[in-house]
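Being a predicted model, the structure only gives us computed values, none of them experimental. Letters A, B, ... mirror the listed sequences (proteins, then strands); counts begin at 1.
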Amino acid sequence: EAGVAQSPRYKIIEKRQSVAFWCNPISGHATLYWYQQILGQGPKLLIQFQNNGVVDDSQLPKDRFSAERLKGVDSTLKIQPAKLEDSAVYLCASSLDQGLLGKLFFGSGTQLSVL
Amino acid sequence: AQSVAQPEDQVNVAEGNPLTVKCTYSVSGNPYLFWYVQYPNRGLQFLLKYITGDNLVKGSYGFEAEFNKSQTSFHLKKPSALVSDSALYFCAVRDDPRDDKIIFGKGTRLHILP
């Protein structure tokens, strides 16, 4: 079974530039999550999709972050413009059951460095 | 809102010794509790969960965790540590049925000494 695919693996940009991350969840997983993991901290949920609808985006900085999941499969997360404090690993995860039983499958993440 | 605390940034254990990684939680409803492990340059992997039932739950790689309602704790344990267990461990919680969000702790780095 293929896992959660994310790209790119690494990205270095300057502040005020824009960046986009891509995620392909495990086939058949209706729920998709984007987490932000800052060095030394646990993953923080940015947005949760159920199919192509947003379930929770309460911690997404909507003035600069946006995410979409067209057709309920792949998803992209965009930051525009980036700030220094956005430097983090962005993790995509998917699950079968809205995560109700807690079993999320994570991708390897995209490590973003904002200079 | 639910929260989870991992009081130790790092735990050092000699190979072959038992290990414990601590976790405490706070919820308004019923706690759904989870442990994940993160190896270098890898995504988080699910280890085990407590939903209901037996307070001692068993998971992958010989790990187990004990749910203690009175102490609001969910410590991760293993009887005999392996060097390959060295990794970053995250405790997580969901506040059932109030919230679908899964909240992660800050993580504990486990270092097994050969």
Criterion side chain to side chain contact (heavy atoms under 4.5 Å, CB included) on A/Leu45 and B/Phe104, from CA distance to verdict: CA-CA 9 Å; A/Leu45 180 68; B/Phe104 287 82; over 6 Å; no

Trace of the ring-ring contact (aromatic ring centres under 6.0 Å, His included) decision for A/Phe105 with B/Phe46: CA-CA 7 Å; A/Phe105 294 82; B/Phe46 177 86; 8.1 Å; no

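Listed for the A/Tyr33 side chain is no donor-acceptor partner under 3.5 Å among the backbone atoms of B/Ile102.
Residues A/Pro43 and B/Gly105 approach most closely at CD-O, 4.4 Å, considering heavy atoms.
Looking at A/Gln6, neither its backbone nor its side chain comes within 4.5 Å of chain B, counting heavy atoms on both sides. Neither the backbone nor the side chain of B/Gln6 comes within less than 4.5 Å of any heavy atom of chain A.
Crowding of B/Arg42 atom CZ: a count of heavy atoms from other residues, nucleotides or ligands under 6.0 Å not exceeding 12. Within 6.0 Å of the CD1 atom in A/Ile12, the count of heavy atoms belonging to other residues, nucleotides or ligands does not exceed 12. Other residues, nucleotides and ligands contribute over 12 non-hydrogen atoms within 6.0 Å of the CG atom of A/Leu84. Within 6.0 Å of atom NZ in B/Lys106, more than 12 heavy atoms from other residues, nucleotides or ligands are found, so the atom counts as buried in its surroundings. Counted within 6.0 Å of NZ on A/Lys62, heavy atoms from surrounding residues, nucleotides or ligands total more than 12; the atom is thus considered enclosed.
How far CD of A/Gln37 is from CG of B/Leu44: 6.0 Å, rounded to the nearest 0.5 Å. Atoms CG and NZ, from A/Asp56 and B/Lys101 in turn, are 4.0 Å apart once rounded to the nearest 0.5 Å. Atom CG of A/Leu104 sits about 4.5 Å away from atom OH of B/Tyr36, to the nearest 0.5 Å.
Of the residues considered (A/Gly42, A/Ser58, A/Cys92), A/Gly42 shows the highest number of contacts with chain B, using heavy-atom pairs under 4.5 Å.
Clustering ILVMFWY residues whenever any of their side-chain heavy atoms sit less than 4.5 angstrom apart, transitively, puts A/Tyr35 in a cluster other than the one holding A/Ile79. Put simply, A/Val4 and A/Phe49 are part of two different groups of oily side chains (I, L, V, M, F, W, Y) that touch within less than 4.5 Å, one to the next.
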